[in-house]
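Position 1 is the first residue of the sequence, and the numbers go up from there.
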Amino acid sequence: MSAIRLARGFTGRTKLIKFAGCYHGHADGLLAAAGSGVATLGLPDSPGVTPAAAGETIVLPYNDLAAVEAALTAADGTVAAIITEAAPGNMGVVPPGPGFNVGLAEAAHRHGALLILDEVMTGFRVSRGGWAGLEPVDADLYTYGKVMGGGLPAAAFGGRAEIMNMLAPAGPVYQAGTLSGNPLACAAGLATLRECTDEVYARLDAVAQTIGRLAEDALEAEGVPHRRQRAGSMFSIFFTDQQVSDYDAARTQNTDAFRAFFHAMLSRGVYLPPSSFEAWFVSAAIDDAALDIIAAALPPAARAAAAQC
């Protein structure tokens with residue numbers, strides 16, 4: 001919300017481009033075709049959002065640069081920013097296609113707009129530099145969330161100095177928050193980031209690969225259509241055999257199969273994300289004993305999913 005306000009203040013423009021299935025918080029103008037809980041509950045929008053607020057948001061299909069260029073041209077200099085999850089995880093994990101994020105930056109700058117990379121999910125999770133550490137992009141603003149606080153309510157945004165200097169008290173764009181500078185969250189964030197060594201990230205990648213492979217093996221053994229997609233250590237199992245490159249494709253998966261799979265895992269002590277539109281995250285605390293529990297739970301869960309196919 002604050003990054004978008006800043007982008008509008010810096011550019012003097014009002015409109016925003018977002019992508020269907022990407023979730024950027026529950027501010028009014030961002031709930032159009034949002035993923036995450038909105039997708040899980042089947043809510044296309046939310047009551048209480050006014051037409052005026054929604055009217056400033058242009059929603060486009062993800063991974064479609066031609067649609068972005070057409071929308072920017074049609075908007076004729078009124079778009080303040082494009083906002084995108086750096087690697088989406090709120091419609092399941094749907095990584096950007098090759099060159100997509102770079103193409104967004106180029107298109108935005110060509111039309112005088114800014115690019116905001118939302119790293120609330122990927123920032124400090126997939127690498128010390130977030131997704132930008134894996135795929136450098138010339139974005140203008142970046143947003144981060146509670147990953148950096150070890151789960152505590154912490155958030156941050158930053159970017160080019162000339163843009164950030166528009167924030168009060170240096171500039172005219174107002175920003176505030178009840179938890180701004182909260183000592184507990186900041187201490188937790190600093191401690192978490194200090195512990196995020198190269199060895200921790202290597203462990204996360206290895207554990208994610210192991211769990212993903214075990215899940216695929218179990219589902220393949222039962223003949224359950226599925227597809228694993230990953231972005232760093234984030235991954236998802238889509239209950240479909242089709243490639244998922246956008247929100248429409250994500251919504252075609254067999255949610256009944258996921259539901260059966262989830263509850264079968266939960267009954268055996270493994271708590272997966274409770275939605276087929278969420279990313280699977282791993283922790284450095286997952287040890288070999290935990291991996292054994294997961295491995296044992298997967299075959300019966302796959303059988304439960306197969307009964308729904």
Side-chain angles (χ1 to χ4, degrees), residues 1-38 45-46 48-60 62 67-68 71-72 74-91 96 101 104-105 107-123 130-132 137-146 148 153-180 247:
M1 180 181 66
S2 295
I4 290 167
R5 179 185 299 159
L6 179 58
R8 285 173 167 150
F10 181 78
T11 62
R13 299 175 174 186
T14 59
K15 292 191 179 295
L16 176 75
I17 288 177
K18 74 174 291 287
F19 297 98
C22 287
Y23 180 76
H24 306 288
H26 69 288
D28 284 359
L30 296 173
L31 284 180
S36 194
V38 176
D45 296 294
S46 174
V49 176
T50 67
E56 298 289 359
T57 304
I58 302 168
V59 182
L60 300 177
Y62 189 67
V68 172
L72 287 167
D76 193 24
T78 60
V79 172
I82 301 170
I83 187 168
T84 181
E85 290 184 62
N90 282 293
M91 49 181 150
N101 283 346
L104 289 181
H109 298 159
R110 194 161 52 245
H111 289 268
L114 305 183
L115 174 62
I116 304 172
L117 279 188
D118 182 346
E119 294 243 31
V120 165
M121 189 170 287
T122 52
W131 189 257
V137 175
D138 186 24
D140 302 286
L141 291 168
Y142 294 83
T143 64
Y144 301 94
K146 50 188 172 288
M148 68 181 180
F157 68 101
R160 287 166 35 204
E162 62 178 319
I163 302 173
M164 296 300 291
N165 285 339
M166 289 287 290
L167 280 175
V173 178
Y174 182 70
Q175 189 276 332
T178 302
L179 291 172
S180 292
Y247 188 37

**OP:** Please test Gln175 against Leu6 for side chain to side chain contact (heavy atoms under 4.5 Å, CB included), starting from the C-alpha separation and ending with a verdict.
**Re:** CA-CA 9 Å; Gln175 189 276 332; Leu6 179 58; over 6 Å; no

Original post:
Heavy-atom distance under 4.5 Å between the side chains of Thr84 and Leu115, does that happen here?
Top reply: yes

Original post:
So do the side chains of Pro88 and Phe19 get within less than 4.5 Å of each other, counting heavy atoms only?
Top reply: no

Original post:
Which heavy atom of Val79 sits nearest a heavy atom of Ala75, and at what distance?
Top reply: CG2-CB, 3.5 Å

Subject >> Atom pair CE (Met91) and OH (Tyr247), whose distance is rounded to the nearest 0.5 Å >> reply: 9.0 Å

Subject >> Heavy-atom pair with the smallest gap, counting every atom of Thr143 and Ala3 >> reply: CG2-CB, 3.8 Å

Original post:
Is a donor on one side and an acceptor on the other found under 3.5 Å between the side chain of Ser180 and the backbone of Ala176?
Top reply: no

Subject >> Non-hydrogen side-chain atoms of Glu85 and Asn90 separated by less than 4.5 Å >> reply: yes

Original post:
Is Thr57 reaching over with its side chain to a backbone N or O of Gly29, donor-acceptor style, under 3.5 angstrom?
Top reply: yes

Original post:
Is a side-chain donor or acceptor of Asn165 paired with a backbone partner of Gly171 at a separation under 3.5 angstrom?
Top reply: no

Original post:
Are the side chains of Leu117 and Thr122 in touch, meaning some heavy atoms are under 4.5 Å apart?
Top reply: no

Subject >> Atom of Pro96, atom of Trp131 and distance for their closest heavy-atom approach >> reply: CG-NE1, 4.0 Å

Original post:
Distance from Asp118 atom CG to His24 atom NE2, nearest 0.5 Å?
Top reply: 5.5 Å

Original post:
Which pair of heavy atoms, one from Met166 and one from Gly9, lies closest together, and at what distance?
Top reply: CE-O, 3.4 Å

Original post:
Once you round to the nearest 0.5 Å, how far does CD1 of Ile82 lie from CG of Leu60?
Top reply: 8.5 Å

Original post:
How far does CG of Leu167 sit from CZ of Arg5, to the nearest 0.5 angstrom?
Top reply: 9.5 Å

Original post:
Nearest 0.5 Å, what's the CE-CG distance between Met1 and Asp28?
Top reply: 10.0 Å

Subject >> Smallest separation among heavy atoms of Ala80 and Thr11, with atom names >> reply: CB-OG1, 3.3 Å

Subject >> Flag side-chain contact, heavy atom, 4.5 Å: Arg110 against Leu72 >> reply: no

Original post:
Would a 4.5 Å heavy-atom cut-off, applied to side chains only, mark Leu104 and Val137 as touching?
Top reply: no

Subject >> CD on Glu56 to CZ on Arg8, rounded to 0.5 Å >> reply: 6.0 Å

Subject >> Residues that Tyr144 engages under ring-ring contact (aromatic ring centres under 6.0 Å, His included), provided they are two or more places apart >> reply: Phe124

**OP:** Side-chain contact test, heavy atoms from C-beta onward, threshold under 4.5 Å: evaluate it for Leu114 versus Phe10 and give yes or no.
**Re:** yes

Subject >> Min side-chain heavy-atom separation Met164-Phe157 under 4.5 Å >> reply: yes

Subject >> His109 and Asp140: CA distance, side-chain angles, deciding distance, side chain to side chain contact (heavy atoms under 4.5 Å, CB included) verdict >> reply: CA-CA 10 Å; His109 298 159; Asp140 302 286; 2.8 Å; yes

Original post:
Nearest heavy-atom pair of Ala168 and Tyr174: which atoms, and what distance?
Top reply: CB-CA, 4.3 Å

Original post:
For residues 162-179, which residue pairs qualify under salt bridge (charged side-chain N to carboxylate O under 4.0 Å, His left out), counting only residues two or more places apart or in two chains?
Top reply: Arg160-Glu162

